[in-house]
There are 2 protein chains.
Amino acid sequence: MSAEEKMEITILKVATRLFLEKGFKATSTTEIAKEAGCNQALVHYYYRTKDKLFDAIFEKKIKVFIGSLLQIGHEDLPFEEKLKKKIESHFDAIKEDPRLPLFFFGEINSNPKRMESIREIIGDLPQMVLVQMQKELDEEISKGNVRPMTVYDLLLSIVSLNIIVFLAEPMFKTITKISDEEFSKLRERRKKENVEIILRSLKP
Amino acid sequence: MSAEEKMEITILKVATRLFLEKGFKATSTTEIAKEAGCNQALVHYYYRTKDKLFDAIFEKKIKVFIGSLLQIGHEDLPFEEKLKKKIESHFDAIKEDPRLPLFFFGEINSNPKRMESIREIIGDLPQMVLVQMQKELDEEISKGNVRPMTVYDLLLSIVSLNIIVFLAEPMFKTITKISDEEFSKLRERRKKENVEIILRSLKP
DNA sequence: GCATTATTTAATAGACTTATTAAATAAAGT
DNA sequence: ACTTTATTTAATAAGTCTATTAAATAATGC
């Protein structure tokens with residue numbers, strides 16, 4: 001097991017996939033071991049408990065999700081362009097991992113304490129996102145380019161519009177009987193549409 | 001147990017609360033029985049299996065959720081007013097039962113077959129919502145009052161904006177440390193804001 | 001009152017869960 | 001080559017879960 005991938009890593013990858021797909025409760029360490037190709041005890045040997053294994057994964061993913069809203073290296077662009085980039089990078093981060101939204105909202109709901117303990121680990125990240133956007137937004141409002149609005153409202157709208165197409169995919173496909181191909185088109189259209197909706201919503 | 005509420009009903013109520021709170025997998029018939037104040041076997045006596053009990057509840061709730069988008073008795077109102085009523089009635093239906101969105105998206109994701117079998121039971125309801133809105137929308141587009149847009153896009157936007165505040169409540173409160181009172185205000189503001197965002201998004 | 005039916009319980013089968021143990025094998029260090 | 005350390009497994013404890021059984025109690029019909 002040295003030419004091959006280290007089993008410790010394989011376990012983590014399999015666990016990531018399964019936790020994201022089915023959530024904490026519905027995934028067993030037995031199943032993780034089976035898919036990784038090892039004994040169930042090995043999962044506990046490397047990660048001690050199912051909880052610790054999960055937390056490591058959860059932490060990594062929430063950083064990706066929140067961090068995608070913190071656009072860097074575009075300070076010189078005009079407000080609308082910066083915002084467009086934020087929305088699109090957030091959308092792309094979710095597209096990379098379409099189960100992310102349900103994963104977070106589901107796991108935080110079923111175990112609010114988890115979020116508390118993760119809060120300390122992710123640190124300033126959420127604050128940075130809020131402060132950065134707050135600053136940019138307030139400036140535009142004072143210039144009269146944007147109608148008065150809180151940063152919370154703006155963020156909620158962005159996240160909301162960006163997650164829906166991924167969140168609703170199974171329900172949507174069942175109801176509309178739309179093909180996978182058609183759905184892909186719709187998803188790509190939504191990315192542009194979301195930017196359009198947000199920009200329109202800001203006009204004074 | 002006849003002056004009191006019938007145990008069959010109590011079980012259903014408790015099960016509804018627990019399934020909505022924690023989902024199918026995380027809720028045991030043992031727990032339902034305990035909270036209802038009866039023996040675990042009685043849950044199976046009345047509802048045979050955990051699955052059947054769940055399906056009965058799921059079906060009821062999805063009808064409420066989808067049905068709230070089918071506004072009736074306002075055919076004479078102008079388009080924007082009808083749309084406003086739809087958005088608000090959908091928002092209110094969720095407010096009545098804030099765990100509804102996570103419940104659906106979570107359960108459908110973790111068991112897509114469930115949705116398939118429920119599809120037959122709920123019947124035309126989703127089609128009615130789609131057709132009704134399609135008709136109203138196309139009319140406005142042909143009159144030039146609304147920019148070209150599919151009914152899917154409109155519906156996705158509405159549902160998305162309406163669910164986010166309920167879906168994100170635990171995450172949002174942890175990150176922002178906002179008080180319950182402040183959050184209530186924000187939630188009420190969102191209801192108006194959502195109507196505003198949607199109407200702006202339709203302008204030609 | 002007695003028989004029939006409905007409601008409820010205790011007990012348990014059988015499967016699955018996480019986590020720990022001790023033992024086996026492989027790798028590395030000297 | 002021998003010891004120490006890391007990796008892996010089998011076995012199992014202790015608990016949970018759903019579903020079924022047979023037996024007990026309560027309600028109803030006649």
Side-chain angles (χ1 to χ4, degrees), chain A residues 1-59 103 106-107 109-114 117-118, chain B residues 1-59 103 106-107 109-114 117-118:
Chain A
M1 203 56 68
S2 32
E4 311 279 332
E5 192 177 44
K6 289 257 172 57
M7 189 50 82
E8 186 177 355
I9 305 298
T10 307
I11 290 169
L12 191 67
K13 284 186 180 170
V14 170
T16 301
R17 179 167 50 80
L18 292 177
F19 279 143
L20 271 164
E21 236 167 59
K22 327 193 312 166
F24 178 80
K25 183 83 188 224
T27 304
S28 71
T29 54
T30 311
E31 193 183 1
I32 294 168
K34 202 176 169 186
E35 295 217 13
C38 69
N39 189 284
Q40 178 258 351
L42 200 64
V43 178
H44 289 271
Y45 169 75
Y46 280 122
Y47 299 96
R48 272 202 47 80
T49 68
K50 187 185 169 187
D51 262 277
K52 285 193 202 312
L53 173 58
F54 181 86
D55 280 353
I57 293 162
F58 189 85
E59 185 196 324
F103 180 65
E107 298 302 337
N109 180 267
S110 72
N111 189 355
K113 285 189 180 176
R114 175 121 46 213
S117 64
I118 245 81
Chain B
M1 201 59 66
S2 33
E4 312 281 329
E5 192 177 43
K6 287 259 170 56
M7 189 52 81
E8 186 177 355
I9 305 299
T10 307
I11 290 169
L12 190 69
K13 284 187 180 171
V14 170
T16 302
R17 179 166 52 80
L18 291 178
F19 279 142
L20 272 164
E21 237 168 60
K22 325 195 313 167
F24 177 79
K25 182 84 187 220
T27 303
S28 71
T29 54
T30 312
E31 193 184 0
I32 294 167
K34 203 176 168 186
E35 294 217 14
C38 69
N39 190 285
Q40 178 260 351
L42 199 64
V43 177
H44 291 270
Y45 169 75
Y46 281 121
Y47 299 97
R48 269 200 49 77
T49 67
K50 189 185 167 186
D51 262 277
K52 286 194 201 311
L53 173 56
F54 182 86
D55 280 353
I57 292 163
F58 189 86
E59 186 197 325
F103 179 67
E107 298 302 336
N109 180 266
S110 72
N111 190 354
K113 284 189 180 173
R114 175 120 46 211
S117 64
I118 245 81

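These values consider heavy atoms only, across backbone and side chains, with no hydrogens, waters or symmetry-generated copies. Below, chains carry the letters A, B, ... as their sequence lines are ordered, and counting in each starts from 1. Worth saying up front: this structure is predicted, and the values here are computed from it rather than measured.
- Of all non-hydrogen atoms in A:Ala36 and A:Thr10, the two that sit nearest each other are O-CG2, 3.9 Å.
- A pairwise comparison of heavy atoms in B:Phe24 and B:Glu107 identifies N-OE2, 2.9 Å as the closest pair.
- The minimum heavy-atom distance linking B:Gly23 with B:Thr27 is given by the pair O-OG1, 2.8 Å.
- Here D:dT7 is the nucleotide among D:dT7, C:dT20, D:dA19 with the atom lying nearest to any side-chain atom of A:Leu42.
- Atom CD1 of A:Ile57 sits about 7.0 Å away from atom CZ of A:Phe103, to the nearest 0.5 Å.
- Among the nucleotides D:dT9, C:dT18, D:dT20, the one closest to any side-chain atom of B:Arg48 is D:dT20.
- Among C:dT9, D:dA19, D:dT7, the nucleotide with an atom closest to any side-chain atom of A:Tyr45 is D:dT7.
- Residues meeting the ring-ring contact (aromatic ring centres under 6.0 Å, His included) test with B:Tyr47, sequence neighbours left out: none.
- At whole-Å resolution of the value, CD1 in A:Ile11 and C1' in C:dT18 are 15 Å apart.
- Among the nucleotides C:dT8, D:dT9, C:dA19, the one closest to any side-chain atom of A:Lys50 is C:dA19.
- Between the side chains of B:Thr30 and B:Gln40, no donor-acceptor pair is found at a separation under 3.5 Å.
- One interatomic measurement links the two molecules: CG of A:Asn39 to C1' of C:dT25, which rounds to 13 Å at whole-angstrom precision.
- One atom, OH of B:Tyr47, and another, C1' of D:dT18, lie 17 Å apart when rounded to the nearest Å.
- Here the side chain of B:Gln40 is nearest to one of C:dT20, D:dT9, D:dA19, namely D:dA19.
- In this structure, B:His44 atom NE2 and C:dA13 atom P are separated by 17 Å, rounded to whole Å.
- In this structure, B:Met7 places its CE atom 14 Å from C1' of D:dA26, rounding to the nearest Å.
- Distance CD (B:Glu8) to P (D:dA27): 16 Å, rounded to an integer number of Å.
- Listed by chain and residue number, nothing satisfies the side chain to side chain donor-acceptor pair (under 3.5 Å) test with B:Lys50 (two or more places apart in sequence, or in another chain).
- For C:dT8, the OP1/OP2 oxygens have a side-chain nitrogen or oxygen of B:Tyr46 closer than 4.0 Å.
- Against DNA chain C, the stretch residues 19-35 of chain B makes no heavy-atom approach under 4.0 Å.
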